[in-house]
Amino acid sequence: MPSEGESALTAEETKDFLDGVVERIVFESPESGFIVGRLRMKNSPDLVTFVGNLMALSPGETVRLWGRWVDDQRFGRQWRVDRFQTILPTSVDGIKKYLGSGMIPGIGRKYAERIIDIFGVETLRVIDEEPERLLKVPGFGRKRAKQVREGWAAQKAVQSIMIFLQGHGIGPAMAQRIYRRYGNAAVAIVRDNPYRLATEIHGIGFRSADAVAMEVGISKDSPRRLEAGLLHTMQQSSLKGHVFSERTELFEEASRLLEVDVALLDAPLKTLSNDTHLVLDNDDQHVYLKALWDAETGAAELLSRLMRTRANDVPIKTEKAVEWVEKHNGIALSPEQRDAIRTAIHSKVMVITGGPGTGKTTVLNSLLTIFEKKDVRILLAAPTGRAAKRMESATGKPARTLHRLLEFSPKLGGFLRNEDNKLSADLIVLDECSMVDIELLHHFLKAVPVRARVVFVGDVDQLPSVGPGNALMDLIASQAIPTVWLKTVFRQAEASGIVANAHRINSGQYPEFNDKDFFFVERKEPAQALETIIELVASRIPKKWNLDPLRDIQVLAPMHRGDVGVSGLNEALQNALNPDGAPLPRQKFRKGDKVMQMRNNYDRDVYNGDVGVITVVDEETREVEVAFEDRAAIYPFDELDELALAYASTVHKAQGSEYPAVVMPIVSQHYVMLQRSVLYTGITRARQLVVVVGEHRALRAAIANTRVTRRNARLAERLKERRME
């Protein structure tokens with residue numbers, strides 16, 4: 001008898017299609033949509049292996065698969081699928097398997113059996129034509145019945161979209177999103193302008209949309225295609241941190257993407273400019289996305305206006321205030337710290353910057369003590385939840401994330417605090433400003449009362465924001481904003497190997513490893529480094545320092561790829577730290593996994609970089625619950641690509657966070673990202689312990705590499721220009 005996956009039905013070999021029930025999915029790539037599955041055919045004891053790009057196919061579905069037989073050298077005989085069609089099952093067993101697969105929200109195995117016990121072979125007709133009869137099923141309320149009715153309608157619509165889109169590189173579950181975004185108009189919209197998929201639906205890239213466009217007859221030099229390519233290139237540029245693109249560079253990039261001559265791009269650029277999608281500046285040589293143009297010019301104007309306007313009167317005698325706060329707080333301020341307090345008292349806007357252990361928190365607490373004594377209304381904020389908690393812990397005062405301070409409204413799609421509804425404050429302190437991108441800075445400044453004081457606090461030597469711009473650096477470089485740079489490291493901070501080595505690294509010196517809080521474990525091969533990191537996180541560090549592997553230890557890597565890149569580390573750490581977690585159907589996640597939000601989602605009130613744990617998996621509703629630090633959020637299965645495993649993360653994603661222990665692989669394999677700023681930012685995320693695993697030569701290379709990728713931004717320039725007016 002043939003082994004499982006081989007077919008003995010030689011009579012079927014002459015057909016160009018196979019009919020059967022999907023028994024199970026063996027493998028699925030979420031990125032490409034490639035599936036390996038097993039098909040049970042009627043009157044056959046054996047399962048047929050089928051492969052192909054099959055969107056959102058689920059076990060229990062009855063399908064017709066058009067294709068051909070192939071003999072794979074490694075896996076044997078397979079049916080290579082070119083296209084497929086779902087056929088509704090007609091037997092009780094088929095219906096049970098179909099509904100029990102969980103593909104209709106509100107129905108899992110348990111409810112599938114209950115429904116079939118009542119309606120038998122009529123089940124699917126009842127769901128389609130008489131869904132109100134579902135209320136007869138035990139446990140079925142109106143809410144679940146509505147969920148099933150809507151899910152069934154969506155599934156029918158999705159099937160038609162799937163037939164249209166399959167084979168165009170759009171991965172599993174994407175048809176569900178297209179339907180949710182466009183409803184019954186989905187196919188018409190996709191036919192009319194498939195490039196909307198790339199700009200309006202998260203997870204669909206330009207190339208996938210372009211493949212669909214080619215299929216529906218849009219020509220290579222179509223103005224619509226050229227405009228979409230320019231916009232895509234601009235958006236990719238902003239993802240690299242640029243606020244604008246040089247016209248020449250933009251055309252070169254777009255020309256390569258679109259495979260057209262550069263000369264064809266002048267007209268679509270002009271159209272996009274006339275339609276205000278793009279803005280041309282500096283004799284048309286700088287090209288901005290409209291939102292980024294508004295943000296940069298708006299931030300410059302609002303900062304200049306703040307600087308020109310007098311603050312609300314607060315009678316403070318500066319020198320007496322400095323002496324008083326030293327006595328009141330029982331501290332001795334350094335000359336730099338006194339200068340920072342004097343500057344804050346006399347300035348509308350200022351920047352306080354400096355590395356770890358230089359006393360930024362002491363200055364901030366002194367300022368708050370002085371201004372509170374004068375009954376000044378104070379607000380504290382930071383870009384992320386973790387950073388806000390650190391600020392609150394350090395000051396003993398309430399601190400909020402910027403998004404909560406500005407009161408984002410998902411319903412309105414914007415911040416409630418803005419130029420028409422200012423914040424109620426006389427002094428606003430914004431911490432961890434290296435993380436603030438130009439758009440968030442602009443939204444913040446719009447909400448600042450014109451007579452309020454603003455203090456920006458941050459470490460300018462850390463990596464710049466994930467979003468476009470380099471706001472903190474630009475504020476300092478403009479020389480228009482009073483800035484105090486704290487450089488003296490205090491004695492108590494010098495006792496920390498982490499602080500001392502952060503400053504050594506920042507000044508180009510090799511770190512001094514100790515047996516207390518700063519360790520180096522030499523591993524010359526990446527595979528050895530990976531093995532050591534797993535051992536450190538899973539057993540050695542928790543045992544010696546009594547730290548929780550999930551909550552207290554964070555692995556930070558310079559990049560995603562490689563044996564000890566973020567992707568490989570997460571897979572290995574998941575297996576080591578959560579081996580028994582129940583796997584989610586056809587997902588890389590398990591119950592109990594540590595996960596990170598990968599983009600802002602205002603509807604859920606979760607933001608890029610937020611870390612939580614998957615605590616609940618509901619296969620009936622096809623949803624999971626993720627517990628973040630101060631709230632929980634619900635995710636449907638088909639929106640889980642908003643999350644990534646977070647046992648390991650990039651250094652960039654860890655900005656604003658602080659962990660008891662940080663483990664960092666530094667190996668030659670990561671040469672592209674071996675930079676001093678990356679290393680410095682990574683080790684300064686640790687509070688108690690740093691362990692570097694890797695090669696001495698790679699560490700030396702990182703310290704020596706001070707090259708910083710230039711970001712196209714003109715905030716500093718604009719502030720200088722306004723200062724001269």
Anything under 3.5 Å between a donor and an acceptor, one on a side chain of residues 523-535, the other on a protein residue two or more places apart or in another chain? List them.
from   : atom 1 : to     : atom 2 : distance (Å)
Arg523 : NE     : Thr532 : OG1    : 2.7
Thr532 : OG1    : Gln528 : O      : 3.0

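Legend: residues meeting side-chain hydrogen bond (donor to acceptor under 3.5 Å, both in side chains) with Gln554, ordered by chain and number and at least two apart, are Lys594. Residues forming a side-chain hydrogen bond (donor to acceptor under 3.5 Å, both in side chains) with Arg687 (at least two apart in sequence, or on another chain): Glu658. The side-chain hydrogen bond (donor to acceptor under 3.5 Å, both in side chains) check on His560 picks up nothing, with sequence neighbours excluded. With sequence neighbours left out, Arg196 forms a side-chain hydrogen bond (donor to acceptor under 3.5 Å, both in side chains) with Glu200.
Below 30°, between 30° and 60°, or above 60°: for His403 and Tyr602 the angle between ring planes is between 30° and 60°, a tilted geometry.
With rounding to the nearest 0.5 Å, the separation of CD1 in Ile614 from CZ in Arg590 is 11.0 Å. The CZ atom of Arg711 lies 10.0 Å from the CG atom of Asp474; values are rounded to the nearest 0.5 Å. One distance of note links CG of Leu257 with OG1 of Thr233; it measures 5.0 Å at 0.5 Å rounding. If you take CG on Asp610 and CE on Met598, they are separated by 12.0 Å, rounding to the nearest 0.5 Å. To the nearest 0.5 Å, the span separating OG on Ser393 from CE on Met391 amounts to 12.0 Å. To the nearest 0.5 Å, atom CD1 of residue Ile683 and atom OH of residue Tyr680 are 8.0 Å apart.
Contact of the Glu432 side chain with the Asp459 side chain is not registered, since no non-hydrogen atoms from C-beta on lie closer than 4.5 Å. With contacts defined as side-chain heavy-atom distances shorter than 4.5 Å, the pair Ile505/Arg676 qualifies.
Classification of Arg256 and Glu259 as a salt-bridged pair fails, no side-chain N sitting under 4.0 Å from a carboxylate O. Between Arg404 and Asp605, at least one side-chain N (NZ, or NE/NH1/NH2) sits under 4.0 Å from a carboxylate O, which counts as a salt bridge. The residues Arg604 and Glu639 are annotated as salt-bridged, a charged nitrogen and a carboxylate oxygen being separated by less than 4.0 angstrom. Taking a cutoff of 4.0 Å between a charged side-chain nitrogen and a carboxylate oxygen, Glu392 and Arg400 do not qualify as a salt bridge.
Counting only residues at least two apart or on different chains, the ring pair (Phe, Tyr, Trp, His ring centres under 6.0 Å) pairs with a member in residues 519-553 are Phe513-Phe520, Phe519-Trp545, Phe520-His696.
There is a side-chain donor-acceptor pair under 3.5 Å between Arg697 and Ser668. Asn712 and Glu246 form no side-chain donor-acceptor contact under 3.5 Å, judged by distance and modelled atom types alone.
The main-chain N or O of Tyr647 is found under 3.5 Å from a side-chain atom of Asn570 such that the two form a donor-acceptor pair. Using a distance-only test at 3.5 Å, with no hydrogens or angles considered, a donor-acceptor pair links the side chain of Arg685 to the main chain of Ser657.
When each of Gln597, Arg599, Lys653, Glu642 is checked for a side-chain hydrogen bond (donor to acceptor under 3.5 Å, both in side chains) with Asn608, only Lys653 meets the rule.
In this structure, Arg700 forms a cation-pi arrangement with Tyr510, its terminal cationic atom sitting closer than 6.0 Å to the ring centre and no more than 45° off the ring axis.
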